[in-house]
Amino acid sequence: MTVRRRSQLNHLKYLTSTAQSCFDASFKNTRLTEASQFYSSLVQQCLHTRSLLDVGIVQTHMIKFGYIHLHIGNKLIDASLKCGSISYARKLFDELPNRHIVMWNSMISSYISHKKSKEGIGLYERMVLDGVYPDEYTFSCVFKAFSNLGLINEGRRAHGLSVVLGLEVSNVFVGSALVDMYAKFGRMKDARLVSNRVVDKDVVLFTALIVGYSQQGDNGEALEVFGSMINQGIKANAYTFASILITCGNLEDLTNGKLVHGLVIKSGYEPAVASQTSLLTMYARCGLIDDSLRIFKRFPNPNHVTWTSLIVGLVRNGREELALKKFRKMICKSIVPNSFTLSSALQACSNLAMIDEGRQIHAMVTKFGLDRDVYAGAALVNLYGKCGSTEMARSVFDALIDIDVVSMNSMIYSYAQNGFGHEALELFNSMKELGLEPNEVTILSVLLACNNSGLVHEGCQIFATITNNQTIELTRDHYACMVDLLGRSGRLEEAEALVKQVRNPDVVLWRTLLSACKLHGEVEMAERAVNKVLELAPGDEGSHILLTNVYASTGNWSQVIGIKSTMRDLKFKKNPAMSWVDVDREVHTFMAGDLSHRRSREINETLEKLIEKVKLLGYVPDTRFVLQDLDEELKKRSLYYHSEKLAISFALLVSSNKNTIIRIFKNLRVCGDCHSWIKFVTKVSSREIIARDAKRFHHFKDGLCSCGDYW
DNA sequence: CTAGGGTTAG
């Protein structure tokens, strides 16, 4: 059959070029209906060959011989759409004198399903102006265009017209499209009102409602809707299950999650890809990542969404290295990553501060043309910020076309971590002009920036404004940041007053105050804070250590010994300080006085030489940072073997290229003596060193540090 | 001849 059609078309092409006059003569003698039939069958063939060229040939003939009219014209438009050319269909559509409602609908829905919402709405509006009444088919697709473009008022107006025409609730297709639109606008009340009025509710309508509640964060209500749907005897399908499993995941509700899992199996939807993907996500969200891995293994051909879901789940569960391994495997299998995938992989790199791996993924972002994507962009800004490359973060940020509040927050946070307080403030102040509304994260980031740069006045001002406006809900994190800011700058009374302002001050707040007390040798307040900490968290290890530090810094050794024996009784073990450095994708870890590295002897030689050199430039070991009651010489020796000094010596030993920046990481805060030592090292070695400690970055260059010695 | 809902992200 198809072969015959093919040859008929070829015959037509032949006629076109060679025997037009003959064809013309024979056609003119035929009746119109027969001509119509002939053309109809040719259009049918176009549908089979899916070739726009064929449509063109048929159309040329029809125009030439004057046979183009309503019925055939519609068929041609339909054929063009099926051949994948909306623009060609539109040309025909515009040329046609009388357009059938079906053709308006076909054109509009084609535009919208091909992500051309603007054109779809344009045609919808022209249709209304031309006096053609939209029908249930028109409404069931046009609302999506309004939600795609965020045109809430226009969408409401169209909703109004559907009410006038009596189509709003009499047709469930229109009803569910409306529910979906209002849900996407976040107006769940309107969505609910429409859905309540729809006469014959079906599973699609309920699913739209469930997804709406779930995506607006009202997961409890989503579960309610699911329950009432089941009670009404409407059966869930794969779409519904996929959505409700995500709801259970959002709630981290394993009980209901497993219950739904059972229902999925009973209903026979378990093999559906969406159900599987949602199951994987649900278990990952509930912390059962091994179950997710097991589900993943069952996929014969995981698609990019499945891979991404797995990667996201792994990162969420702190399995970044496995996440990156899976990501590489996915790339090997030639699955094309999208911006979801890449931003998740980048997040894994950020968490591990793996700059090299991150750079490679950045290259992929560029390769796939996603440099200006807001999600990939924010993830890149985050990566470079977390790896201490503020300049790179900024250049990615500047390349973004649409800056949203999240990418803005990432950039401000990058500045904050790296001690660029003024730059962070400048960006924060520019938000108003850009029409961006700061949120909780913005405020926290900018306060952190002030904190890390000692901008006490500015931080207090922002905090006061936010407190007065009450538009942003301040969390304990915000207060902790302010307590740190005030406390470290010596305004301890104000800091303590702020802690007391918080409704239920937690351990973190009191501990922050405690460390400020340590910094300023404020023994009495420190004891008060410790008592509070122990009230809230009996036997808290950190606060014991901090109190030891307070006593040690004021030379109160008998108290130090007292606490230490208490800690021994409670079987405390101090979290050991650790530094590491990434050389050629291999992580080298060092503890204080660590001799376990295979090149330990050379490392120590390098270190000894460095210490001699920096001493000549004026480095004096600062033994105040040794919290043991040793004699001065021993204190000095113990300083020399701090983990960060070992890591830097190793890095200098193995990398001779002066232009390579040395990056080291430490799990605790960098010690004061090491901080000053590293500044000298940058001078004697002419190297740049970036150190990330538990709290922030320190960029050491030419004998100075970006933190301005305030951290 | 034309129609509605789902699974991955900071």
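In what follows, chains are A, B, ... by sequence order, proteins preceding strands, each numbered from 1. Since the structure is predicted, the reported quantities are computational estimates derived from the model, not experimental observations.
When heavy atoms are screened at a 4.0 angstrom cut-off, A/M103 is found touching base atoms of the nucleic acid. Nucleic acid contact class of A/S106 (heavy atoms, under 4.0 Å, all strands): sugar-phosphate only. Note on A/S339: a base of the nucleic acid sits closer than 4.0 angstrom, heavy atoms only. Among the protein residues, A/V441 comes within range of no part of the nucleic acid, since none of its heavy atoms lies under 4.0 Å from any strand.
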Which side-chain N or O atoms in residues 305-312 of chain A pair as donor and acceptor under 3.5 Å with protein atoms at least two apart or in another chain?
residue : atom : partner : partner atom : Å
A/T306  : OG1  : A/N303  : N            : 3.3
A/T306  : OG1  : A/N303  : OD1          : 2.6
A/T308  : OG1  : A/H304  : O            : 2.6
A/T308  : OG1  : A/T341  : OG1          : 3.0
A/S309  : OG   : A/V305  : O            : 2.7

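The base of B/dG4 lies close enough to the side chain of A/S176 for a donor and an acceptor atom to sit less than 3.5 Å apart. Between the side chain of A/D202 and the base of B/dG4 there is at least one donor-acceptor pair of N/O atoms closer than 3.5 Å. At a cut-off of 3.5 angstrom, counting only N and O atoms as typed in the model, there is no donor on one side facing an acceptor on the other between the side-chain of A/N409 and the base of B/dG10.
Each of B/dG4, B/dA9, B/dC1 was ranked by its minimum atom distance to the side chain of A/H100; first place goes to B/dC1. In this structure, the nucleotide among B/dT8, B/dT2, B/dT7 sitting nearest to the side chain of A/N338 is B/dT8. In this structure, the nucleotide among B/dA3, B/dA9, B/dG10 sitting nearest to the side chain of A/N171 is B/dA3. The side chain of A/S309 lies closest to B/dT8 when the candidates are B/dA3, B/dC1, B/dT8. Distance from the side chain of A/S343 is smallest to B/dA9 among B/dG4, B/dT2, B/dA9. Of all nucleotides listed (B/dT7, B/dC1, B/dT8), B/dT7 comes nearest to the side chain of A/T277. Of the candidates B/dC1, B/dT7, B/dA3, the closest approach to any side-chain atom of A/F173 belongs to B/dA3. With B/dT7, B/dA3, B/dT2 as the candidates, the nucleotide lying closest to the side chain of A/N105 is B/dT2. Closest to the side chain of A/A242, out of B/dA3, B/dT8, B/dT7, is B/dT7.
Atom pair A/R285:CZ and B/dT7:P shows a separation of 12 Å (rounding to whole Å applied). Going from atom CZ of A/F241 over to atom C1' of B/dT7 covers 15 Å, rounded to whole Å.
Using modelled atom types and a 3.5 Å distance limit, the side chains of A/T442 and A/N439 yield a donor-acceptor pair. With 3.5 Å as the limit, one finds no donor-acceptor pair spanning the side chains of A/T207 and A/S243. Side chain to side chain, A/H478 and A/T475 meet the donor-acceptor criterion of an N or O pair below 3.5 Å. No side-chain donor from either of A/R192 and A/Y182 sits under 3.5 Å from a side-chain acceptor of the other.
With sequence neighbours excluded, the residues satisfying side chain to side chain donor-acceptor pair (under 3.5 Å) with A/H362 are A/Y384.
No more than 12 heavy-atom neighbours from other residues, nucleotides or ligands sit within 6.0 angstrom of CG on A/D402. More than 12 non-hydrogen atoms from other residues, nucleotides or ligands lie less than 6.0 angstrom from CZ of A/R197.
A/Q347 has no side-chain polar atom (N or O) that falls below the 4.0 Å cut-off from OP1 or OP2 of B/dT8.
Contact check of residues 373-383 of chain A against DNA chain B (heavy atom, cut-off under 4.0 Å) returns A/V374, A/Y375, A/A378.
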